[in-house]
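Here's the structure we're looking at; comments come further down.
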Amino acid sequence: MEYAFKQVESKWQQYWKQQGAYTSNDFNKPKFYVLDMFPYPSGAGLHVGHPLGYIASDIYARYKRLQGFNVLHPMGYDSFGLPAEQYAIQTGQHPAITTQQNIARYRQQLDMLGFSYDWQREIRTSEPDYYKWTQWIFIQLFHAWYDNTLQKAMPIESLVQQFETNGNSGINAATEYENTFTAAQWLAYNQAQQHEILMAYRLAYLSNTLVNWCAALGSVLANDEVKDGVSERGSYPVERKLMQQWSLRITAYSQRLLDDLETIDWTESIKDSQRNWIGRSQGTSINFNCNNQTITVFTTRPDTVFGVTYLTLAPEHPLVSQLTLATHKSEVDQYVAWAKNRSERERQADVKHISGVFTGAYAIHPFTNEPIAVWIGDYVLAGYGTGAVMAVPAHDTRDYAFARHFNLPVKQVIEPTTPHNFNEAAYDEKMGTCINSGFLNGLSVNEAIKVAISKIENEAVGIGQVNYRQRDAVFGRQRYWGEPIPVYYKDGIAHTLPTDALPLVLPAIDAYLPTEQGEPPLARAQNFTYNGYPIETTTMPGWAGSSWYYLRYMDAGNTQAFASADAINYWQQIDLYLGGSEHATGHLLYVRFWTKFLFDLGYLPFNEPAKKLINQGMIQGTSALVYRVVNSNTFVSAGLKNKYQTTTLHADVNMVANQVLDIEAFKNWRAEYATADFILEDGKYICGSEVEKMSKSKYNVVTPDDIIEKYGADCLRMYEMFLGPLEQSKPWNTNGITGVSGFLKKLWRLYIQAHNGYGAADNASLKTIHKTIKKVTEDMERFSFNTSVSTFMICVNELTDAKCTNKEILQWLAIILSPYAPHIAEEVWQLMGNTQSVTKAAWPVFNESYLIESVFEYPVSINGKMKFKFPLPTNYTSAQVTENISISPKLQQLLQGATPKKIIVVPGKIINVVV
RNA sequence: GCCUGGAUGGUGGAAUUGGUAGACACGCAGGACUUAAAAUCCUGUGACCCUUAAAGUCGUGCGGGUUCAAGUCCCGCUCCGGGUACCA
């Protein structure tokens with residue numbers, strides 16, 4: 001009887017659905033939370049690369065269920081986003097409708113794969129029931145400030161109280177507010193002034209900041225949405241623009257986001273990306289007096305303070321206009337105007353080009369009292385540190401390049417540990433001894449840094465401090481298809497909506513474009529007001545909804561809270577989180593930030609979202625190439641193409657198997673190819689291939705639908721795992737799938753054979769199954785799914801050879817196979833007379849006693865080279881092994897009379913004879 | 001540039017703690033069954049030397065080293081992928 005995968009797979013998919021086989025509501029069991037990063041439902045549907053992580057997490061979730069855990073394994077949709085809106089602009093169709101259609105398509109594809117999601121917990125970030133709570137969290141952020149002393153977010157009322165009693169002098173907060181005021185002054189401020197001050201402390205705040213403006217998308221973008229000076233989505237140019245924007249004060253959490261990386265089991269590469277993104281650097285500020293103004297610089301190398309030969313300010317630095325001498329004014333103005341108007345892209349593309357201008361002013365060195373020239377240069381960034389640097393060209397590569405370009409002095413203050421030519425490059429190693437450095441002379445770099453900081457602090461010329469590269473996250477988007485920000489404006493002051501007015505539903509508009517005045521699309525909405533006051537018209541960015549979605553799955557239907565305390569206390573953190581590494585500095589930082597914030601407010605008993613994170617590799621496409629002879633309709637096989645002059649064209653990969661083109665399919669593909677001729681090699685047309693990104697235009701997209709149609713879902717699941725280690729990126733290639741398909745057929749025959757009459761267990765089969773259980777269990781624990789597939793193949797090969805018909809053995813095999821190939825496992829499980837689903841079975845425990853061998857075939861090496869095998873009882877001691885091998889005729893023959901210097905025996909492993 | 005991950009047969013990959021390199025598959029070659037094909041099954045398959053076999057030699061990107069023993073550890077390189085980039 002042939003294995004009819006189509007019938008069997010749809011039968012069990014229906015069964016699981018009817019039985020609610022994957023609901024996760026048995027709260028008496030221990031919990032386990034396995035989460036996939038949810039997808040953005042694009043119009044293209046899933047290709048074979050998408051399910052890679054989903055299959056792995058599904059296998060693990062099923063494994064944990066069989067081990068007796070109550071497993072939370074949900075799925076949902078990150079359904080706000082740009083593509084649906086761009087489509088809406090073109091067609092006028094509401095993005096909700098296309099989103100709905102795309103979700104239906106995704107769901108159909110996900111169902112085909114036999115995933116064990118608990119669909120009762122499905123969420124969609126664009127549904128008001130969901131984004132109500134995204135808005136609610138925003139409101140909490142608005143009404144909170146960050147206490148640096150407690151290292152914790154606090155309600156804004158506690159800040160107001162302190163202002164009212166003590167002013168702001170004793171407060172150590174994450175804020176850009178720099179002035180101090182007393183309680184009396186605070187009370188004397190009017191409401192608008194108080195609001196303005198508070199805004200500078202809030203964790204969700206409005207401010208005028210330089211943002212990444214993308215004109216083509218009509219919106220601002222966060223730093224992680226800009227790659228190489230262009231937008232990540234669509235690759236449109238991005239420029240810097242000063243705008244009033246909503247931001248989230250993620251920088252308040254920089255240190256905790258950094259420190260807590262030590263507490264989580266994530267890959268080192270993701271942690272490193274986050275560390276670099278946060279970019280902590282410890283250093284000190286130093287004040288330079290300049291015509292009664294103070295220029296404050298930030299440096300991590302105060303040990304080189306005597307090597308300063310000039311200062312450089314960013315073109316946007318506020319003191320530029322005040323410091324510049326009249327004689328230099330026009331030149332400086334010209335430069336500043338030029339630098340400010342350069343787009344981000346120009347700056348990026350032009351990093352090597354050095355530009356700058358002298359202000360004519362001189363500052364006074366705080367220790368030597370020497371005059372120090374003040375320059376302006378666009379290699380100094382306004383947004384980092386103080387926007388000004390002390391240039392030490394001898395020991396900083398950029399300063400060196402600038403000094404060389406403008407012929408400025410280079411003063412060596414560190415004696416290098418290795419020979420160094422200062423005429424060629426800066427010496428920027430943090431190693432060596434201070435020279436020409438006053439009170440620092442003779443100290444090592446590391447000692448000098450400490451001494452310099454304490455001297456700087458004692459003489460009040462600066463203060464030790466820490467800077468982060470990380471910026472606050474811009475939170476407003478000038479777009480329609482996102483969560484409305486629950487804020488209204490009364491007399492120009494921002495107020496949040498009361499939480500009982502949530503959700504603030506996205507209003508209908510007539511066109512999904514900015515208004516004539518350049519306002520965001522929401523400004524088109526009629527009566528978009530709260531009690532008559534206008535509501536904020538920017539919407540939240542794509543990452544808002546995904547920053548807390550893992551919490552909603554715990555209690556998806558809750559109308560009273562984002563999730564109940566009971567649900568949160570039961571489910572706790574994500575135990576295993578699977579997703580792509582491209583989210584390293586975006587989503588994965590934001591979700592950690594929101595988790596810490598909700599923890600600070602007492603809503604969560606944990607401050608990291610996921611204990612363990614695994615990144616699945618990307619699956620690339622393998623394009624199929626055909627070669628058309630120039631000026632003809634003749635195609636030549638890849639091996640012969642060099643004999644002709646050819647044009648390379650893409651053929652649809654779905655017409656190609658093992659590099660061989662299906663010529664009939666190719667002729668039918670396009671009318672122009674219907675009459676094509678082919679020059680074959682060995683009767684076949686062989687295609688060339690190239691690894692590229694999977695995309696429609698390259699005809700290399702392989703959908704799971706096609707594979708499932710041909711081989712079934714179990715086969716696709718196992719084949720994707722069989723391709724190689726989960727974390728590794730690899731090109732998709734259907735070449736090996738027949739191996740997995742053949743395995744499933746062989747497995748099926750094994751069960752059909754046995755069904756004719758079950759028999760007793762033989763020793764060989766017992767050993768096989770226990771060995772398999774052991775290996776598969778170990779592989780599961782280390783997420784090595786590819787090796788498990790091999791193990792199953794070996795198992796089935798061995799059981800087939802042993803003609804095993806033992807029911808118990810075959811049942812064990814069905815159970816351990818069921819996470820990988822759930823449909824066929826259910827079918828054979830039922831065939832063996834089980835009435836309950838295999839998903840309710842228990843993961844078997846292997847019995848070591850079946851694996852014990854009485855004899856071991858020792859590999860015998862001479863000088864480390866394996867020569868022959870020699871069987872000996874496993875219970876022999878090293879001495880007994882040595883004795884037996886010494887007298888073995890085979891060894892004698894190989895040694896040809898020589899006496900071994902030494903015989904090394906590792907019992908149960910190897911014998912090595914040293915001559 | 002910096003940070004990361006990687007490089008093993010014709011191909012995907014295995015070797016978990018330093019202990020038989022190439023498991024398991026694909027492909028290829030030969031064979032069985034068949035009028036034929038598909039499906040299925042069997043045999044062989046790292047390279048070199050050789051008519052074959054046996055034996056031997058070489059072999060995990062390159063060059064060194066440690067060790068009785070190195071794909072695995074150490075030092076120095078090359079190439080490929082991912083991230084990041086005037087961050088003072």
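Per chain, numbering begins at 1; letters A, B, ... match sequence-line order. Reckoned from all heavy atoms, side chains included, excluding hydrogens, waters and symmetry mates.
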Which value, in whole Å, describes the distance between the [atom1] atoms of nucleotides [N] and [M]?
N      : M      : atom1 : answer
C50(B) : G64(B) : P     : 28 Å
C49(B) : C58(B) : P     : 15 Å
C41(B) : C24(B) : P     : 15 Å
G56(B) : U66(B) : C1'   : 29 Å
G13(B) : A7(B)  : P     : 9 Å
U8(B)  : G22(B) : C1'   : 8 Å
G71(B) : G19(B) : P     : 10 Å
G63(B) : G9(B)  : P     : 15 Å

Base paired to [N] (Watson-Crick or G-U; both N/O distances under 3.5 angstrom):
N      : result
G71(B) : none
G76(B) : C62(B)
A85(B) : none
U57(B) : A47(B)
C26(B) : G10(B)
A36(B) : none

In G9(B), glycosidic geometry as syn within 90° of 0 or anti otherwise |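 Here G9(B) takes the syn form, which means its glycosidic angle is within 90° of 0.
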
For the side chain of [X], counting heavy atoms from C-beta on, which of [options] is nearest?
X         : options                : result
Phe722(A) : C86(B), G13(B), G12(B) : G12(B)
Val906(A) : A25(B), G19(B), A88(B) : G19(B)
Thr738(A) : U57(B), G27(B), C24(B) : G27(B)
Arg782(A) : A15(B), C24(B), G13(B) : A15(B)
Pro725(A) : U16(B), G13(B), A85(B) : G13(B)
Ile910(A) : U20(B), C86(B), A85(B) : U20(B)
Ser269(A) : G56(B), C41(B), U4(B)  : U4(B)
Lys775(A) : U16(B), C24(B), C86(B) : U16(B)
Asn912(A) : U20(B), A15(B), A69(B) : A69(B)
Thr787(A) : C24(B), A15(B), C86(B) : A15(B)

Go through the structure and list residues passing side chain to side chain contact (heavy atoms under 4.5 Å, CB included) with Thr877(A), not counting sequence neighbours.
-> Ala879(A), Gln880(A)

What nucleic acid atoms does [X] come within less than 4.0 Å of, heavy atoms only: base, sugar-phosphate, or nothing?
X         : result
Ser273(A) : sugar-phosphate
Ile904(A) : base
Asn467(A) : nothing
Lys869(A) : base
Asn786(A) : sugar-phosphate
Glu727(A) : nothing

Ring pair (Phe, Tyr, Trp, His ring centres under 6.0 Å) assessment of Phe402(A) paired with Tyr379(A) = CA-CA 9 Å; Phe402(A) 193 85; Tyr379(A) 79 97; 5.1 Å; yes

Does a donor on one side chain and an acceptor on the other come within less than 3.5 Å for Thr397(A) and Asp428(A)?
->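 Thr397(A) vs Asp428(A): donor-acceptor pair found between side chains.
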
Pair Ser784(A), Thr787(A): side-chain N/O donor-acceptor within cut-off below 3.5 Å =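 Short answer, yes.
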
Hey, which of these two, Gly387(A) or Asn863(A), hits RNA chain B nearer its 5' end, going by closest nucleotide?
-> Asn863(A)

Note: for Asp272(A) and Ser281(A) on RNA chain B, the residue whose nearest nucleotide lies more 5' is Asp272(A)

Figure out the [atom1]/[atom2] separation between [X] and [N], and round it to whole Å.
X         : N      : atom1 : atom2 : answer
Lys890(A) : A55(B) : NZ    : C1'   : 9 Å
Asn797(A) : U43(B) : CG    : P     : 11 Å
Glu781(A) : U16(B) : CD    : P     : 18 Å
Leu744(A) : C24(B) : CG    : C1'   : 14 Å
Glu582(A) : G81(B) : CD    : P     : 18 Å
Leu588(A) : G83(B) : CG    : C1'   : 13 Å
Ile862(A) : A55(B) : CD1   : P     : 13 Å
Lys774(A) : U16(B) : NZ    : P     : 13 Å

Strictly below 4.0 Å: does [X] bring a side-chain N or O up to OP1 or OP2 of [N]?
X         : N      : value
Gln274(A) : U84(B) : no
Tyr384(A) : A88(B) : yes
Arg275(A) : U84(B) : no

How many angstroms lie between atom CE of Met866(A) and atom OH of Tyr858(A), to the nearest 0.5 angstrom?
->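 So the CE of Met866(A) and the OH of Tyr858(A) are separated by 15.0 Å.
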
Mind checking the OG1-CD1 spacing from Thr882(A) to Ile904(A)? Nearest 0.5 Å is all I need.
->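 Here the interatomic distance stands at 10.0 Å.
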
Using atom types as modelled and distance alone, determine if a side-chain donor or acceptor of Ser741(A) lies under 3.5 Å from a backbone N or O of Thr738(A).
->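 Not at all, since once roles are kept as given, no pair shorter than 3.5 Å links the two residues.
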
Which residue, Tyr400(A), Trp375(A), Tyr310(A), forms the ring pair (Phe, Tyr, Trp, His ring centres under 6.0 Å) with Phe406(A)?
-> Trp375(A)

With no angle test and no hydrogens, is the base of U20(B) tied to the side chain of Lys909(A) by a donor-acceptor pair under 3.5 Å?
->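 Not at all, since no donor on one side and acceptor on the other fall under 3.5 Å apart.
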
Would you call the rings of Phe743(A) and Phe792(A) parallel, tilted or perpendicular if under 30° counts as parallel and over 60° as perpendicular?
->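 Correct class here is tilted.
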
